[in-house]
Amino acid sequence: MSTQTSYVLDELRNEAEYPAYASGKSGLLKIQDAPKESEAIYAFPCFQYAKSLDKNPTQVAEELAQEWNKMRQSKEWPQEWFPTSVLDHFEASRGYVNVFVDQKTLLARILKDLLDYGEKYGSYPKLNKTMVVDYCSPNIAKPLSVGHLRSTIIGQALINILRVRGYRVVGINFMGDWGTQFGKLIYAFEQWGDEKKLESNPIQHLLELYVRFHKEAKENPALEDDARAAFKRLQQGGEKERALWQRFRESSLEAFEKTVARLGVKFDHNWFESDFEGKADELVDELLVKGIAEESEGAIIIRFEPLWPAESPEPPPAQPPLVIRKSDGTTLYPTRDLASAVERIERWQPVHKLLYVVASEQTLYFTQLWNTLEKMGYPDILRHINFGMVSLPTGKISTREGRIVYLDDLLDQAKERAAQIIKEKNPDMDEGSRSKVARQVGIGAVIYADLSQDRIKDIVFDWSKMLAFEGNSAPYLQYAAVRCAKILEKAKSEDREGLDTLNEQDIPALAEELKEPESVKLLMHLGRYPQAIAEAAERYAPHVLASYLYDLATALSRFYTEVPVLKAETDAARLARLTLVDATGLVLRRGLELLGIETPEEM
RNA sequence: GCCCCUGUAGCUCAGCAGGAUAGAGCAACGGUUUCCUAAACCGUAGGUCGUGGGUUCGAGUCCCGCCAGGGGUACCA
């Protein structure tokens, strides 16, 4: 147990857990959040503990509450660990020991945290641990589809969240620029390519060639051999192939960077699969020497142990092996990916976690990758941050068959739709602002639609859901943030000055002013922001943060309708409410920023 | 065949490590604008948590079977 933590609720939790720890009962008495309607903050269910004593839980809870309260008054309680304690007392209720705080003190402490941390509220101290995150990672020469959207925005949100949680994070975009598909493209371009089209709209043209190749190859399977031969020439450094491949690569990369920039995404590193071909080759030899890999049917493979030990009469299912060198002597994507994983581990050592934000379809592959690294003697650091598939109402996304929604089109539509709504809701907004706000709102809606739900779920692509502008959606959160900003903007200059010059002595008086249930709930919720960040980071779950922010926006909306700020009855009340609005706006803005969503200045 | 994931209100989803009365949004119905932006707020209605067992003081949550949907399953990436 740490003796002191920075945020009031972290500290309160530790303090509340103290008596359970001190008496060695923490295994049976676990802390949890108290129910929402309750005045209590935390609770200890005592049923399990009562069972172990063979006693009545209600009675046990009462005894514990009494005992802990007494302990708290005594010298046994390490008050020096909790110098600014907000814990008031323990209270038994139907088999639970509830943790009560002194609300005024707690509110004041939350205000103090907010003022102390300012813009940094919610962030944690440096942990000196490095996370290497693989995300986006598309194939060059294919346009980004909504399928890539998930990896990109989940990855970027995780990176942002992990950073404020205190991790050092390295984001890598690992691009597929190697493999037989480039043989296909080279062959197709030589057959049907058009110089002018490659010049004017490279991605589109390459896609046409790719689709055409597969169509023709259906009729004439010999084309597959031609493609393989072309790739072989590329590998051997054929000048013509090399030059063409470079052109594909450069033009694609350019178009592609433009698209992700629209999502506000910037990569720390752009790595290319092709750069690992040599290392991959060496790695295969090394794995052979170490006996980790073996030859089978002309290929080099790694075998894995069955999933569980064979004890039952039926043999356990074997895990499929991983092929790392084809029988023709060339490496595969997994080999190059493995080589790049080794490179990541060595370059940023010690790496705390190696994250891969990749669709669930790759689960087996990442299990194999994990097992291989383990065989190589690396610690258990690889985590597959998997997410469900995006499919279209008409079926699975397929570039080859043209069943695809392009990311650029999606973002264009989102913006257009947002612009229309702005025209209705806020007809006075000038053209320039409208365009900017439409971009922020439209793209925000798209990002939020994804991040507001658990990664693991499959998504059937649906325009109306993607572009939801009401209820639990990005615009709702943005709107709440805008309201905060507008109130502050309209506040008189002396009020704003009062805000800026607040100091610690003013805090108790401020807390005293916040009496309305809506104000209290809002401030209490602000107090939970650091825990939302911590949980989102721990579970690699941006939706935890998204749903926290939604609740915060709801608390703000209720506050807004019930409690006047600028027209508060007294100067003191106005100042207190302005402080609250200021802090809420800040948390909403910063929280949205972590998700990759911008906050407009007006809506 | 085998392995993995998912199944909660009409629809889309929350529900942390099993704990107090299962929560939101959308859609439906009704209400709120002399007052800081109604992209808002308030209310009504809507759930045998796929299904059958089991473990437990307690199961939406854990275990087993079944059903349904999705994904994967050696030289594609």
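Chain A is the first sequence line, chain B the second, and so forth, proteins listed ahead of strands; every chain is numbered from 1.
A/F182 and A/F248 have their aromatic ring centers separated by at least 6.0 angstrom.
A/A43 comes within 4.0 angstrom of a nucleotide base, judged by non-hydrogen atoms across all strands. Among the heavy atoms of the strands, none lies under 4.0 Å from A/E424. When heavy atoms are screened at a 4.0 angstrom cut-off, A/G179 is found touching the sugar-phosphate backbone but no base atom. Residue contacts shown for A/V563 include a base, since a base heavy atom lies under 4.0 Å away. Residue-level contact check: A/L566 touches the bases, meaning some heavy atom is under 4.0 Å from a base atom. A/E562 comes within 4.0 angstrom of no nucleic acid atom, judged by non-hydrogen atoms across all strands. Looking at heavy-atom distances under 4.0 Å, A/R528 makes no contact with the nucleic acid at all. Contact annotation for A/E538: no contact, since no heavy-atom pair falls under 4.0 Å across all strands. Note on A/K396: only backbone sugar-phosphate atoms sit closer than 4.0 angstrom, heavy atoms only; bases stay farther off. Nucleic acid contact for A/Y560: base, since at least one base atom lies under 4.0 Å from a heavy atom of the residue. No contact: A/V581 has no heavy atom under 4.0 Å from any strand. Using a 4.0 Å heavy-atom cutoff across all strands shown, A/N98 reaches at least one base atom of the nucleic acid. Across all strands shown, A/P334 has heavy atoms under 4.0 Å from base atoms, whether or not it also approaches the sugar-phosphate. As judged by a 4.0 angstrom heavy-atom cut-off over every strand, A/I300 is placed among residues making no nucleic acid contact.
With distances taken from any side-chain atom of A/Q362 to the nucleotides B/rC5, B/rG70, B/rA77, the minimum falls on B/rA77. Distance from the side chain of A/D454 is smallest for B/rA14 among the nucleotides B/rA14, B/rA40, B/rA39. Closest to the side chain of A/E361, out of B/rG72, B/rC35, B/rA17, is B/rG72. The side chain of A/N472 approaches B/rG25 more closely than any other nucleotide in the set B/rG25, B/rA77, B/rG70. Listed nucleotides B/rG7, B/rA39, B/rC16 differ in distance to A/I421; the shortest reach to its side chain belongs to B/rA39. Checked against B/rG19, B/rC36, B/rA17, the side chain of A/R13 finds its nearest nucleotide in B/rA17. Among B/rC57, B/rA74, B/rA77, the nucleotide with an atom closest to any side-chain atom of A/E273 is B/rA77. Candidate nucleotides B/rA20, B/rG19, B/rC26 were compared by shortest atom distance to the side chain of A/E470, and B/rC26 ranks first. Taking only side-chain atoms of A/T554, from C-beta outward, the nucleotide of B/rC36, B/rA74, B/rC41 with the closest atom is B/rC41. Nearest to the side chain of A/V441, among B/rC4, B/rA39, B/rA77, sits B/rA39.
Counting heavy atoms from C-beta on, the side chains of A/R228 and A/K232 never come closer than 4.5 Å.
One atom, CZ of A/R336, and another, P of B/rC76, lie 11 Å apart when rounded to the nearest Å. In this structure, CG of A/L369 is placed 17 Å from C1' of B/rC4, rounded to the nearest angstrom. As rounded to whole Å, 11 Å separates atom C1' of B/rA74 from atom CG of A/L364. A/L185 has its CG atom 13 Å from the C1' atom of B/rA77, to the nearest Å. Atom-to-atom, CG of A/N426 to P of B/rA38 comes out at 11 Å; the value is rounded to the nearest Å. Protein atom NZ of A/K490 is 11 Å distant from nucleotide atom P of B/rC35, rounded to whole Å. Taking atom NZ of residue A/K465 and atom P of nucleotide B/rC26, one finds them 13 Å apart after rounding to whole Å. Here the P atom of nucleotide B/rA24 and the NE2 atom of A/H543 are 17 Å apart, to the nearest Å.
The base of B/rA74 is paired with the side chain of A/S296 by a donor and an acceptor separated by under 3.5 Å. In this model, no side-chain donor or acceptor of A/Q453 finds a partner on the base of B/rA14 within 3.5 Å.
Aromatic ring pairs are classed by plane angle as parallel below 30°, tilted from 30° to 60° and perpendicular above 60°; the pair A/Y365 and A/Y333 is tilted. A/F276 and A/F174 have perpendicular rings, their planes meeting at more than 60° on a 0 to 90° scale where under 30° would count as parallel. Ring geometry for A/Y550 versus A/Y476: interplanar angle of 30 to 60°, hence tilted.
Relative to the ring axis of A/F272, A/R249 places its NZ or CZ within 45° and under 6.0 Å from the centre. A cation-pi arrangement is not found for A/R528 relative to A/Y548, the charged atom failing to lie both closer than 6.0 Å to the ring centre and inside a 45° cone about the ring normal.
Proximity of A/R483 to the phosphate of B/rA38: a side-chain N or O atom is located under 4.0 Å from OP1 or OP2. Between A/T180 and B/rA77 there is a side-chain polar atom (N or O) within less than 4.0 angstrom of OP1 or OP2. Checking the phosphate oxygens (OP1, OP2) of B/rA39, a side-chain nitrogen or oxygen of A/K425 falls inside 4.0 Å. Taking side-chain N and O atoms only, A/H384 has no distance below 4.0 Å to OP1 or OP2 of B/rC4. For A/K457 and B/rA14, the shortest distance from a side-chain N or O to OP1 or OP2 is below 4.0 Å. OP1 and OP2 of B/rA40 both lie 4.0 Å or more from every side-chain N or O belonging to A/R558. In this structure, A/S360 does not reach the B/rC5 phosphate: none of its side-chain N or O atoms is under 4.0 Å from OP1 or OP2.
Judged by centroid separation below 5.5 Å and plane tilt below 30°, A/Y476 does not stack onto the base of B/rA40. In this structure, the aromatic ring of A/Y96 is not positioned over the six-membered ring of the base of B/rG19 within 5.5 Å between centres and 30° between planes.
Between B/rA20 and B/rC67, the two P atoms lie 33 Å apart (nearest whole Å).
Atom CD of A/Q420 sits in a sparse spot, with 12 or fewer heavy atoms from other residues, nucleotides or ligands closer than 6.0 Å.
Between A/R577 and the choices A/E513, A/E518, A/E569, the salt bridge (charged side-chain N to carboxylate O under 4.0 Å, His left out) rule is met once, by A/E569.
Nearest heavy-atom pair, A/I301 versus A/S296, reported as atom, atom and distance to 0.1 Å: CD1-CB, 3.7 Å.
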Using Watson-Crick and G-U wobble pairs with both distances under 3.5 Å, what is the 5'-to-3' dot-bracket string of RNA chain B, with [ ] for crossing pairs and | for pairs outside the strand?
(((((((..((((.....[...)))).(((((.......))))).....(((((..]....))))))))))))....
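Judged by distance alone, the side chain of A/R455 and the main-chain N or O of A/Y540 form a donor-acceptor pair under 3.5 Å. Judged purely by atom type and a 3.5 angstrom limit, A/N173 has no side-chain atom pairing as donor or acceptor with the backbone of A/N270.
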